[in-house]
2 protein chains.
Amino acid sequence: MHPQSPPAESAGTGRRTRIDDDAARERALQAADRLYYSRGIQAVGMDDLRAESGLSLKRLYALFPSKEAIVEEVLHRRHDTWVQGVTSAVQLAHSPRERLLAIYDFLGRWFSDDDFRGCAFINSFGELAGVVPRVAEIVRDHKTDFQRYVAQLVADAGGSADLGPQLVLLAEGAQVTAAIAGTPEAAGHARRAAETLIDADLNVGVRA
Amino acid sequence: MHPQSPPAESAGTGRRTRIDDDAARERALQAADRLYYSRGIQAVGMDDLRAESGLSLKRLYALFPSKEAIVEEVLHRRHDTWVQGVTSAVQLAHSPRERLLAIYDFLGRWFSDDDFRGCAFINSFGELAGVVPRVAEIVRDHKTDFQRYVAQLVADAGGSADLGPQLVLLAEGAQVTAAIAGTPEAAGHARRAAETLIDADLNVGVRA
DNA sequence: TATAGTAGAGAACGTGCGTTCTCGCGTCAA
DNA sequence: TTGACGCGAGAACGCACGTTCTCTACTATA
């Protein structure tokens, strides 16, 4: 079962938890992500997390100093997952224009997940930004990173500086709208709008 | 001080609160809106609301059956304020195209408010939709209403059925982005994107 | 002035939270 | 087998919340 043998060499001091701690952290963070994403952060107590993760409260507090630390790490992991999902979807496309549009196809697949409940960063911002500045900061960093990424794709496609922020607005609006409506169609609307904006932008130089 | 004289005609039963109740409700709801909007709903207790409104807890619970009822009424009033703000901004424009673009100018002015903290409905959805279905419903109704309104403006401008949802995505994305970034520039990006989408859509018939 | 009724201040109540502590069991070295 | 340790279960603690209740002071009439 365990891919790694227990560290028998640390004999003297009964320490034997290095690998188990990693697995426990993973379980805790996955459970926290599930719960926070589906119910919100404040509505999920540490006891809910204990039940969902199967870890004792003692273990949870040995692994993390506080609930807020768990929240921050969950958001950081969500960011990594998002970056990986977007970039891998984008990399499958074969032209700069297709790479930009791949973002909306990726969103469409995500919106169709049964447990899709919007962008965790937007949700966290609405819930906690007014009262936990660190969360506001993490959300801001996440969105700034996405804006930079899209700007780079736009530059690769030869688009103007205005196009990036416009395409980002479509992506953000689609996430919000799909979450609230409970349907994935916003991704299609965003994609078609993006096509129009991209083609208009790339043809400006041609037409003039 | 008081613009209205006390209702001395209700002599028999010491009842004398009809008008005062209205004023008290107004104070309570304005205070609740301020607090919920700036800090989030769960982070604001009834005692905070008591301090901000200047009304006693007893009075608050005489006026409203529960905190959730206050939350719902605050959202309903926000909806009315939003509708009034958007429609009055739109009505000042002189052409169908300008009327659509007036939405983004209205957003830009709103984003520049010192206390702008995003769309209260999006924020409430992120915070409570997973745990208070009534809030999710009110938010959904609010967004559906806006989509219908924009669709009508698009129809008046002779636009196609796809244009409305696309313009809505820009507005939603701008609200989210302006809130998280803390800057109003998203309104300008949304406006320019909207111009492109509108012109492309209205010229399809011409070009074909 | 005396009295009934009202409303505000805030204590009280029950609950649930984040966090820490206690207890008892199981595990392993000698 | 013994004994010490480590861990999980969950009780305990302090606090804050939503809601209700109590007490006091004041207003208005006779």
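Only a predicted model underlies this, so the values are computations on that prediction, with no experimental measurement involved. Proteins come first, then strands; the chains are lettered A, B, ... in the order of their sequence lines, and each starts at number 1.
B/F64 has its CZ atom 15 Å from the P atom of D/dT20, to the nearest Å. The separation between B/D20 atom CG and C/dT6 atom C1' is 13 Å, rounded to whole Å. Regarding B/L63, its CG atom lies at a distance of 16 Å from the C1' atom of D/dT20, rounded to whole Å. Protein atom OH of B/Y61 is 12 Å distant from nucleotide atom P of D/dC17, rounded to whole Å. Protein atom CZ of A/R39 is 14 Å distant from nucleotide atom C1' of C/dG16, rounded to whole Å. D/dT19 atom P lies 16 Å from atom CG of B/L55, rounded to whole Å. In this structure, the CG atom of A/L60 is 10 Å from the P atom of D/dG8, given to the nearest Å. For the pair B/K67 NZ and C/dG16 P, the interatomic distance rounds to 16 Å; values are reported in whole Å.
The main-chain N or O of B/R117 is found under 3.5 Å from a side-chain atom of B/N123 such that the two form a donor-acceptor pair. Within the 3.5 Å criterion, the main-chain N or O of A/I180 finds a donor-acceptor partner in the side chain of B/R140. Judged purely by atom type and a 3.5 angstrom limit, B/Q175 uses its side chain to pair as donor or acceptor with the backbone of B/A171.
Using a 4.0 Å cutoff on non-hydrogen atoms, the parts of residues 41-48 of chain A near DNA chain C are A/V44, A/G45, A/M46, ordered by number.
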Using a 4.0 Å cut-off on protein heavy atoms (strictly under), produce a 5'-to-3' string for nucleotides 10-15 of chain C with B for base contact, S for backbone-only sugar-phosphate contact, and - for none.
-> ------
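Scanning all heavy atoms of the two residues, the minimum distance from B/A194 to B/Y104 falls at CB-CE1, 3.5 Å. In plain terms, the two heavy atoms of A/A24 and A/L55 that are nearest each other are O-CD1, 3.4 Å. Contact between A/A178 and A/F111 at its shortest, heavy atoms only, is CB-CD1, 3.4 Å.
Judged by distance alone, the side chains of A/D156 and A/Q152 do bring a donor and an acceptor atom under 3.5 Å apart.
Partners of B/F106 by ring-ring contact (aromatic ring centres under 6.0 Å, His included), not counting sequence neighbours, listed by chain and number: B/W82.
Considering only side-chain N and O atoms, A/R59 lies nowhere under 4.0 angstrom from the phosphate OP1 or OP2 of D/dC7.
Both tests pass for A/R78 against the ring of A/Y37: distance under 6.0 Å to the centre and angle within 45° of the axis.
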